[in-house]
Amino acid sequence: MTFHDWLNTPGLFRCVIVELDYIDNEQTKTAYFANCPFVSSGSDVPAHQAYQDAIVGGLEIVRTMSEVFFGKSASSISDLELVPTSFTRSLNDVENCKIKIYIGDKTWSKTQFMQVFVGVADTVEQSKDKVSIEFKDKASALDIPILTSVFTAGPSEGELLPLALGQCFNITPKLINAATHTYKFNSVQSSAVNAVKFNGDLVNPTNYTVDLIASTITFLVQPVGNITLDINGAVIGGQYVKTSNQIVNYLIGTRLGYAITFGVLPSYTLGIYIDNDTTYSDLLDQIAISIGGYWYFSRLGTFVFKQFSGTTGTANKTLRDDQNIEFTRQQRHRLKPIQNLTLGYQKNWTVLANVAARVFDTNPTLAQQLSNEQLTVSDSNAVNGLSITTPTLIANKDDAQTELARRLALKSIARYVNETEQLAAPFQWNLGDEISLETPAQNGNHAIITRFAENLLTNKISLDFWQ
C-alpha cells in the first residue's frame, strides 16, 4: 500500500511521531515522542529507537492565504501537548530548537512514514495536567531589517548603506565626500546610471563620472538642490537582478540561505530602493502584491513564492465526496468582481516639491512625474463591481498593462471561497494547489486551495477552496 492509498483508507489509525531537539547541559539532544507505542526498525535512523507514548493533544497545522490572495500566507501550529512525566518536565530549554513530525502506520518502519512538518520550538508551558511545547512561525524569521551595514565615516556616517534592485526611478544617493562631491547609490555593484538630475533638471554626463563597481557618482560641478538618479541596480554574480524571481532568490536564497520553490513567475522588471529599516517580510509582500503573488514556508521549511493565477483546468488532485465529512461543505465568502482597476508603475523614490522651473517649460510630463508617487494604468470590466487602486514595484508601462489585463480577467466574474472538512487524504496537498471537485461548485469543478487546518491527531482537515 502506498502512502497516498493509506491516507485515503478510512478508519486506519494514524501514528504520529515527533523528534524534538532540546538543550541539556549546553549539549543538543533529541527527545522522541509518539501518540502510541512505536520503535524504529534496525534499518531506520536512529535504529531501534523507542518513541515515548506521550503525545496527548495539539498538533494542528494551519496555513492560510490572505483574503486577497497576494502577499504573505499565515502559518501556525498549535502546541505539542505531552503527558507530564519527570522527563517531559525536564524539557525547559527548547527555544530555537528544531522539531520534526511524521505520520504513518504503527506497523511500518520509520522510513515509510511521511514527514509532514519541520519547525522551530519556542517555549515550554507546564501545568499539572500537561507539558506544552509552543512553536514559532517560521515566517517570523523574516521580520528582520534587510539593511544592517552603515556608513562608518563621512557626511552620511551612521546612516544605512542603501540597496538598489532592478530599475529605480529618481532615487536620492548618499553623500560620502563633500570635498569631491562624491555620492554612493548602492551597497553592491550596479548595472547602469541612466539619468542624473538636480531638482529634476537633467545633468549633462560631461559633468559627472560614475563608478559602477563601487556604485558611486562624482560631480565635476557643484551639485544644486535635490540630487536624484535613475539607475539599474544590483549586479550579483555578473547578472543584473531585476525580476521577481531574481530578486527573491537573491534576498532569500543568497543572503539568508533558504531553499526556495518558485512557481512560474512573470518576467516584469521591478524597481526597489531601500535606505531604511524595511524588513524582508515587508518587501516580500510588496513584491508579491506587485506581481499578484503569494509566499509562505512549506511544512518542511522550504520557502515558496508563486503567482496566484486562478484555475487552469489542469489538476492532478481530486477532492472526493467520500472523504467529505457530512454537511461540512458550504460557501464561506462571495468575492465581488472588479469593475475598475488601476495599477501603479515606475515608483518615484524621491517625490519633489521643488521641481526646477526649466523642467516644467521643457519637459512638463517629466515634471509631473517627479511630483507624484507613481504613474498609473487603468482599465475596466463590463460588470458592476469593485474599484481598486494598487501601487506596485513594476518599473515599465508594458509590464503594468500586462498585469492589469491578467488581474481583470481573473476577477471578471464573482468568485467564491468554500470550506469543507475532509478525512486525512489532503495531508500531501499544498496552498495554491489546483484540485478537481468530484461535485462541482459555483464556478465549475476546478478550484484552488487557499486554507488548510490539518489536525494530525484526529485525522481531520478543514480546507477552503477558491474558484
Side-chain angles (χ1 to χ4, degrees), residues 65-73 164-170 230 232-233 240-252 260-274 278 281-296 304-313 335-349 369 372-383 385-415 431-432 434 448 450 466-467:
M65 295 173 69
S66 72
E67 286 295 320
V68 293
F69 311 124
F70 303 150
K72 176 182 176 180
S73 298
L165 300 164
Q167 186 177 315
C168 303
F169 174 74
N170 211 41
D230 300 346
N232 293 346
Y240 170 36
V241 176
K242 62 178 182 176
T243 67
S244 57
N245 185 305
Q246 293 169 334
I247 291 170
V248 171
N249 190 59
Y250 167 62
L251 292 172
I252 306 304
I260 304 176
T261 295
F262 284 108
V264 177
L265 300 180
S267 58
Y268 309 151
T269 296
L270 305 184
I272 298 167
Y273 186 68
I274 311 167
T278 296
S281 328
D282 288 342
L283 184 56
L284 287 168
D285 278 350
Q286 291 177 45
I287 295 170
I289 290 168
S290 299
I291 68 164
Y294 59 97
W295 64 272
Y296 64 93
V304 178
F305 196 95
K306 295 183 177 182
Q307 186 182 50
F308 187 83
S309 300
T311 56
T312 65
L335 307 174
K336 293 181 179 180
I338 291 179
Q339 180 175 356
N340 303 299
L341 180 61
T342 298
L343 290 186
Y345 73 95
Q346 199 171 105
K347 178 178 173 64
N348 179 6
W349 293 95
Q369 184 180 356
N372 292 283
E373 293 186 356
Q374 280 200 311
L375 299 175
T376 61
V377 290
S378 300
D379 205 347
S380 60
N381 284 317
V383 295
L386 302 174
S387 294
I388 296 176
T389 299
T390 303
T392 78
L393 298 172
I394 295 173
N396 299 316
K397 183 176 183 179
D398 287 349
D399 289 340
Q401 288 179 322
T402 298
E403 180 61 17
L404 179 76
R406 190 186 77 85
R407 294 193 195 189
L408 281 173
L410 197 61
K411 296 292 187 71
S412 61
I413 60 174
R415 298 293 184 173
L431 283 181
E434 182 167 349
I448 303 296
T450 57
W466 171 99
Q467 59 165 206

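Computed from a predicted structure; not experimentally measured.
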Discussion item. For a side chain to side chain contact (heavy atoms under 4.5 Å, CB included) check, start with the C-alpha distance between Ile289 and Thr390, then their side-chain angles and the critical distance, and finish with the verdict.
Written reply: CA-CA 8 Å; Ile289 290 168; Thr390 303; 3.7 Å; yes
Worksheet item: For Ile291 and Thr392, what are the C-alpha separation, side-chain angles and deciding distance, and is it a side chain to side chain contact (heavy atoms under 4.5 Å, CB included)?
Response: CA-CA 8 Å; Ile291 68 164; Thr392 78; over 6 Å; no
Fill in: Verdict with supporting geometry, Tyr250 and Leu165, side chain to side chain contact (heavy atoms under 4.5 Å, CB included)
CA-CA 10 Å; Tyr250 167 62; Leu165 300 164; 4.0 Å; yes
Worksheet item: Given the rule in the side chain to side chain contact (heavy atoms under 4.5 Å, CB included) test, do Leu393 and Leu283 qualify, once you have shown the distances and angles that lead to the verdict?
Response: CA-CA 10 Å; Leu393 298 172; Leu283 184 56; 4.3 Å; yes
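Without hydrogens or angle criteria, Asn348 side chain to Gln374 main chain gives no donor-acceptor distance under 3.5 Å. The backbone N or O of Trp349 lies less than 3.5 Å from no partner atom in the side chain of Asn170, so there is not a single donor-acceptor pair. At least one donor-acceptor pair closer than 3.5 Å links the side chain of Asn381 to the backbone N or O of Ile338. Between the side chain of Thr278 and the main chain of Ile274, no donor-acceptor pair closer than 3.5 Å is present. No side-chain donor-acceptor contact under 3.5 Å links Gln246 to the backbone of Val241. No donor-acceptor distance shorter than 3.5 angstrom exists from the side chain of Gln346 to the backbone of Ile394, with no hydrogens or angles considered. Of the possible donor and acceptor atoms, none in the side chain of Arg406 sits under 3.5 Å from a partner among the backbone N and O of Gln401.
The shortest side-chain heavy-atom distance between Asn249 and Phe305 does not fall under the 4.5 Å cut-off. With contacts defined as side-chain heavy-atom distances shorter than 4.5 Å, the pair Val248/Leu265 does not qualify. Considering only heavy atoms from C-beta on, Leu270 comes within 4.5 Å of Ile287 through its side chain. Between Pro266 and Gln307 the shortest side-chain heavy-atom distance falls below 4.5 Å. Side-chain contact between Phe308 and Leu410: present, with at least one pair of heavy atoms (C-beta onward) separated by less than 4.5 Å. Under the 4.5 Å side-chain criterion, counting only non-hydrogen atoms from C-beta, Val377 is in contact with Lys397. Taking 4.5 Å as the limit, some side-chain heavy atom of Phe169 sits within range of a side-chain heavy atom of Gln369. Put simply, the side chain of Tyr345 does not reach to within 4.5 Å of the side chain of Thr376, judged on heavy atoms.
Tested against Ile388 for a side chain to side chain contact (heavy atoms under 4.5 Å, CB included), the candidates Asn340, Thr342, Leu341 yield a single pass: Leu341.
Glu403 and Tyr268 share a side-chain donor-acceptor pair at under 3.5 Å. Checking Glu434 against Thr312 by side-chain atom types alone, a donor-acceptor pair falls below 3.5 Å.
Summarising the geometry of Tyr294 relative to Gly432, their closest heavy-atom pair is OH-CA, 3.3 Å, with the distance given to 0.1 Å. Closest non-hydrogen pair, Leu343 versus Ala400, comes out as CD1-O, 3.9 Å. A pairwise comparison of heavy atoms in Arg415 and Ala409 identifies NH2-O, 4.3 Å as the closest pair. The two residues Ser412 and Val383 have their closest heavy-atom pair at O-CG1, 3.5 Å. Among all heavy-atom pairs drawn from Gly166 and Tyr240, the shortest one is C-OH, 3.4 Å.
Rounded to the nearest 0.5 angstrom, Tyr296 OH and Thr261 OG1 are separated by 8.0 Å. With rounding to the nearest 0.5 Å, the separation of CG in Asp399 from CG in Leu404 is 12.5 Å. Lys347 NZ to Ser290 OG: the interatomic distance, rounded to the nearest 0.5 Å, is 10.0 Å.
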